Amino acid sequence: MTVSRVSSRLSASRVALAGGIALSSVVLLSGTAFAHVSVQPQGEAAKGGYATVNIKVPNERDNASTVKVEVNFPLDHPLASVMPQPIPGWKAVVTKSELSKPLELHGKKIDKAVSKVTWTADGSKIGPGEFQQFPLSLGQLPEDADQLVLKAIQTYDNKEVVRWIEEKKEGAEEPQNPAPVLKLSAASEDHHGGAAPSASASAPKDDKAGHEDKTASHEETETAAASSSDTTARILGVIGILVGIAGVAFGVLAGRRRSA
């Protein structure tokens with residue numbers, strides 16, 4: 001075997017190794033970026049309205065299981081109602097605290113608001129490589145805030161406690177243990193997570209109007225699908241370009257090695 005062939009094979013091995021390391025780094029960083037407690041609204045979470053959300057809790061440990069989850073609610077933007085959905089194998093406890101300034105909801109004054117909800121394993125747990133969602137019904141959402149920071153505490157069966165309480169600062173990178181944040185959308189007219197129907201909307205429509213509505217809906221669906229396909233094509237195109245550049249560079253390097 002000639003020296004040039006040996007050099008070419010060594011170069012190929014180094015390129016493959018570097019590519020493998022880069023891919024592994026991307027996978028690891030992606031997992032780290034998304035492996036934290038988060039809050040996900042089911043539908044719209046509009047200011048002044050009501051919403052159903054899921055507290056998503058992944059298990060980050062390979063040798064321990066999550067047995068307790070605590071989610072805290074801000075009292076500077078209090079919620080009069082927080083109701084957990086029953087989950088088999090978990091016991092939920094809702095804690096309320098006194099308010100310095102009573103709330104007025106549906107004509108009634110409320111001097112207490114929910115400050116936290118705690119789920120404790122009761123025959124179940126979140127094992128390694130698993131996650132659990134904890135549904136909540138929230139209301140009435142504040143009208144004077146763009147988001148709610150719901151600080152969470154996760155406890156493992158080996159007594160380890162992870163505090164998801166760090167708030168992200170504007171212009172700064174995401175903290176190591178970010179607090180779950182519920183983004184609030186613009187207030188709707190009926191304050192129930194959807195706009196109130198207008199008089200024209202509630203009135204009967206003729207066949208022509210109904211056909212026009214269906215056509216518009218179909219066109220919107222096609223537009224959304226085309227946009228999604230275009231985005232996918234662009235991503236694949238960029239990946240193809242990068243692979244092509246790497247191939248050209250490798251070919252040039254191998255050629256130089258052979259000529260040497």
Side-chain angles (χ1 to χ4, degrees), residues 36-58 66-122 124-126 131-157 159-170 174-188 191-193:
H36 54 67
V37 177
S38 61
V39 54
Q40 302 171 340
Q42 303 305 295
E44 188 178 26
K47 298 178 182 180
Y50 295 79
T52 299
V53 304
N54 282 333
I55 306 297
K56 185 177 180 180
V57 182
T66 299
V67 293
K68 185 178 179 181
V69 176
E70 176 185 311
V71 176
N72 294 271
F73 295 85
L75 291 181
D76 54 343
H77 295 292
L79 300 176
S81 175
V82 176
M83 294 187 296
Q85 179 177 320
I87 300 176
W90 292 85
K91 180 182 179 181
V93 176
V94 179
T95 302
K96 293 187 176 182
S97 298
E98 295 281 348
L99 294 175
S100 57
K101 183 179 179 181
L103 289 174
E104 187 169 340
L105 184 64
H106 302 307
K108 296 182 179 179
K109 286 189 175 182
I110 300 174
D111 56 4
K112 289 185 178 181
V114 174
S115 55
K116 70 178 178 179
V117 177
T118 305
W119 291 271
T120 305
D122 185 19
S124 183
K125 60 179 63 177
I126 309 173
F131 76 93
Q132 176 67 54
Q133 296 192 101
F134 298 90
L136 289 171
S137 174
L138 307 180
Q140 186 171 7
L141 298 174
E143 298 181 0
D144 58 348
D146 295 323
Q147 64 181 31
L148 292 178
V149 179
L150 310 180
K151 297 182 178 181
I153 299 175
Q154 181 178 12
T155 304
Y156 291 88
D157 56 8
K159 307 303 180 182
E160 180 185 2
V161 176
V162 180
R163 302 179 184 277
W164 302 96
I165 61 174
E166 300 177 43
E167 297 186 40
K168 182 179 179 181
K169 297 181 180 179
E170 187 175 355
E174 184 177 68
Q176 183 176 356
N177 294 319
V181 176
L182 176 62
K183 301 287 186 179
L184 303 182
S185 59
S188 59
H191 288 254
H192 284 82

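One-based numbering along the sequence shown. These numbers come from a predicted model, not from an experiment.
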* May I ask you to check whether over 12 heavy atoms, not counting those of Gln176, lie within 6.0 Å of atom CD? => no

Any side-chain heavy-atom pair from [X] and [Y] closer than 4.5 angstrom?
| X | Y | value |
| --- | --- | --- |
| Val37 | Val69 | no |
| Glu44 | Ser185 | yes |
| Pro74 | Leu150 | yes |
| Val71 | Trp119 | yes |
| Asp111 | Lys109 | no |
| Gln132 | Thr66 | no |
| Leu184 | Pro142 | yes |
| Val94 | Pro84 | yes |

Looking at [atom1] of [X] and [atom2] of [Y], how far apart are the two atoms once the value is rounded to the nearest 0.5 Å?
| X | Y | atom1 | atom2 | result |
| --- | --- | --- | --- | --- |
| Lys68 | Asp157 | NZ | CG | 13.5 Å |
| Glu98 | Ser115 | CD | OG | 10.5 Å |
| Lys96 | Ile110 | NZ | CD1 | 7.5 Å |
| Glu70 | Arg163 | CD | CZ | 8.5 Å |
| Ile153 | Asn177 | CD1 | CG | 11.5 Å |

Under 3.5 Å, is there a donor-acceptor pair between the side chain of [X] and the main chain of [Y]?
| X | Y | answer |
| --- | --- | --- |
| Gln42 | Gln40 | yes |
| Gln140 | Gly48 | yes |
| Gln154 | His36 | no |

Closest non-hydrogen atom pair, [X] against [Y]:
| X | Y | result |
| --- | --- | --- |
| Leu75 | Ser97 | CD1-CB, 4.0 Å |
| Leu141 | Ala51 | CD1-CB, 4.0 Å |
| Ala46 | Ala187 | CB-CA, 4.5 Å |
| Leu182 | Ala45 | CD1-CB, 4.2 Å |
| Ile126 | Val57 | CD1-O, 3.8 Å |
| Lys116 | Phe73 | CA-CD1, 3.9 Å |

* Residues forming a side chain to side chain donor-acceptor pair (under 3.5 Å) with Ser137, sequence neighbours excluded -> none

* Does any donor atom in the side chain of Lys183 or Gln147 lie under 3.5 Å from an acceptor atom in the other side chain? ->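 The answer is yes; a qualifying pair exists.
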
* **Working for salt bridge (Lys or Arg N to Asp or Glu O under 4.0 Å), residues Asp146 and Lys47** => CA-CA 8 Å; Asp146 295 323; Lys47 298 178 182 180; 2.7 Å; yes

* Structure fact -> Sorted by chain and residue number, the ring-ring contact (aromatic ring centres under 6.0 Å, His included) partners of Trp90 (sequence neighbours excluded) come out as Phe134

* Does Glu166 have any salt bridge (Lys or Arg N to Asp or Glu O under 4.0 Å) partners at least two apart in sequence or in another chain, and if so, which? ->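 In terms of salt bridge (Lys or Arg N to Asp or Glu O under 4.0 Å), with neighbours along the sequence ignored, Glu166 is linked to no residue.
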
* Is there a side chain to side chain contact (heavy atoms under 4.5 Å, CB included) between Ile55 and Leu136 once you walk through the steps? -> CA-CA 8 Å; Ile55 306 297; Leu136 289 171; 3.9 Å; yes

